[in-house]
Amino acid sequence: MKQGLLRQLPKIDDVLKDRRIEELMERIHRETVVDAVRRSVESLRADILDEKITEASEMKLDSMIDRIIKAAEELDKRSLRPVINATGVVLHTNLGRAVLSEKAVEQVAKVARGYSTLEYDPEKGERGSRHVHAEKLLKDITGAEACMVVNNNAANVMLALAAIGRSKEMIVSRGELVEIGGSFRVPDIMAESGVRLVEVGTTNKTRAADYENHITEDTAALLKVHTSNYRIIGFTEEASLRELRELGDKYGIPVIYDMGSGLMVDLSPWGIREPVVTNALKEGADLVLFSGDKLLGGPQAGIAVGRSDIIARMKKHPLARVVRADKMTFAALEATLLEYLDTGRALENIPVLRMISRPEEELKEVCLKLKGDIDEIMDPATGRPAYITKVQKEDGVVGGGSAPDSKLRSQVLVLTSEAMSPDTIEKLLRKGEPPIVVRIHNEKVIFDVRTLKTEDLKVITERLKEMVSE
Ligand SMILES: *Cc1c(COP(=O)(O)O)cnc(C)c1O
């Protein structure tokens with residue numbers, strides 16, 4: 001009996017000749033398809049041996065092909081792939097932080113596709129430096145004397161501290177010994193870079209005099225850290241950059257500012273209260289350190305702008321090679337910075353700024369459009385709409401450890417269903433392809449459209465439709 005069934009198992013070569021399998025190989029690598037066919041035949045064999053299959057009619061080629069296509073698509077799935085972010089969190093750390101501008105994406109593709117001038121000077125026909133690439137633009141935009149780009153801002157801080165203060169002391173306020181992103185802790189980074197941390201003041205209050213009282217011959221710098229992902233509110237006081245500048249001048253020591261977010265344009269009209277790079281330089285920071293993929297809206301990078309003697313020491317430090325940025329980073333960064341030559345253009349073309357500055361009225365229109373499409377989905381069992389939807393006002397956040405106390409005025413679509421729980425809806429949205437990520441609030445599914453592209457709306461509606469028929 002089993003033997004007879006085993007003899008009837010399709011031959012791998014025969015399956016591969018099927019028209020649908022041949023078509024599949026036009027979009028999925030042959031090896032992957034063959035692998036899927038082999039696994040499928042093996043699973044049939046196992047089912048026969050386990051007596052889960054007892055008749056030849058249960059081994060129809062047609063249904064086998066369906067399963068092979070699904071299996072091949074599953075095998076072909078990239079681990080790193082696009083998702084639809086319906087959370088409204090503009091800088092979502094788990095979803096890749098800043099979305100790049102079209103120009104940045106184009107430039108990355110151009111540079112990645114072939115050879116490039118990464119470390120080559122075509123004018124002179126000799127070896128060049130990767131540090132030149134975003135240099136002129138960064139200096140033009142920020143007014144800084146010098147700059148440097150490394151792999152990310154944690155590396156940037158580490159390099160700056162090592163270059164400035166190895167085996168010396170650095171003074172930091174106790175209110176600024178923060179942890180950012182789960183793994184970046186200011187005290188740990190200082191210890192790793194060989195700097196001795198001198199904590200001054202208290203968690204909620206630190207005055208300029210607290211710094212001054214601890215300045216010694218061993219003081220290499222005054223370090224200010226922007227508490228970018230939380231705020232101390234209430235009975236508080238911190239020394240301003242201007243006050244630290246005065247101390248720096250008095251004692252001849254540099255003032256380093258780890259700003260984190262890297263905002264280049266004033267976003268206060270949209271309720272974002274965050275320091276701006278150019279202001280920090282004007283107020284007296286000798287060195288400002290920030291991320292490329294937070295409010296700047298570019299690629300993952302760490303950017304240092306400021307005094308040329310400090311930057312020169314950073315460039316010469318052995319760690320500089322360890323934390324260097326790659327060509328795709330420079331390509332994306334240069335294209336991003338180019339938009340900043342015109343603030344209006346930056347607000348329009350850089351997705352992070354564009355999303356933050358989207359007017360509430362526009363968000364409401366998008367919600368209504370999405371609502372209209374979803375309301376047309378019928379539940380075949382009841383003949384009534386499958387989902388109950390409502391558009392309402394709700395405050396959003398920027399996310400990504402930026403502007404924690406700033407609220408973005410938003411409109412969201414709230415969705416429930418009689419047939420499915422919010423958790424089920426959330427799970428089905430997330431497990432489809434591409435994954436659609438939503439929030440659940442008060443037992444309801446929330447679509448915050450701020451972070452959605454126009455083309456995402458159709459994908460969401462289609463998915464919700466499929467979920468009903470499944
Ligand atoms: C985000 C942040 C960092 C770390 O930057 P990454 O680019 O994530 O490495 C360091 N310092 C501050 C103040 C930050 O906000």
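Throughout, residue positions are numbered sequentially from 1 according to the sequence presented. All ligand and atom numbering here is 1-based and tracks the order in the structure.
- Within the 3.5 Å criterion, the main-chain N or O of L464 finds a donor-acceptor partner in the side chain of Y387.
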Just do the side chain to side chain donor-acceptor pair (under 3.5 Å) check on S268 and D266 with the steps written out, would you?
CA-CA 6 Å; S268 56; D266 178 17; 2.9 Å; yes
For ligand 1, list all ligand N or O to protein N or O distances below 3.5 Å, rounded to 0.1 Å.
residue, atom, partner, partner atom, Å
ligand 1, 5 (O), S291, OG, 3.2
ligand 1, 7 (O), N153, N, 3.1
ligand 1, 7 (O), S291, OG, 2.7
ligand 1, 8 (O), R97, NH1, 3.1
ligand 1, 8 (O), R97, NH2, 2.8
ligand 1, 9 (O), N152, OD1, 3.4
ligand 1, 9 (O), N153, N, 3.2
ligand 1, 9 (O), A154, N, 2.9
ligand 1, 11 (N), D258, OD1, 3.2
ligand 1, 11 (N), D258, OD2, 2.7
ligand 1, 15 (O), S228, OG, 2.4
ligand 1, 15 (O), K294, NZ, 2.7

How far apart are the C-alpha atoms of H214 and T219, what are their side-chain angles, what is the distance that settles it, and do they pass the side-chain contact (heavy atoms from CB on, under 4.5 Å) test?
CA-CA 8 Å; H214 288 85; T219 307; over 6 Å; no
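- In terms of the ring-ring contact (aromatic ring centres under 6.0 Å, His included) criterion, residue partners of F330 (sequence neighbours excluded) are, by chain and number, H133.
- Between the side chains of D35 and T32, no donor-acceptor pair is found at a separation under 3.5 Å.
- You'll find the side chain of P434 stays beyond 4.5 Å of the side chain of V83, heavy atoms only.
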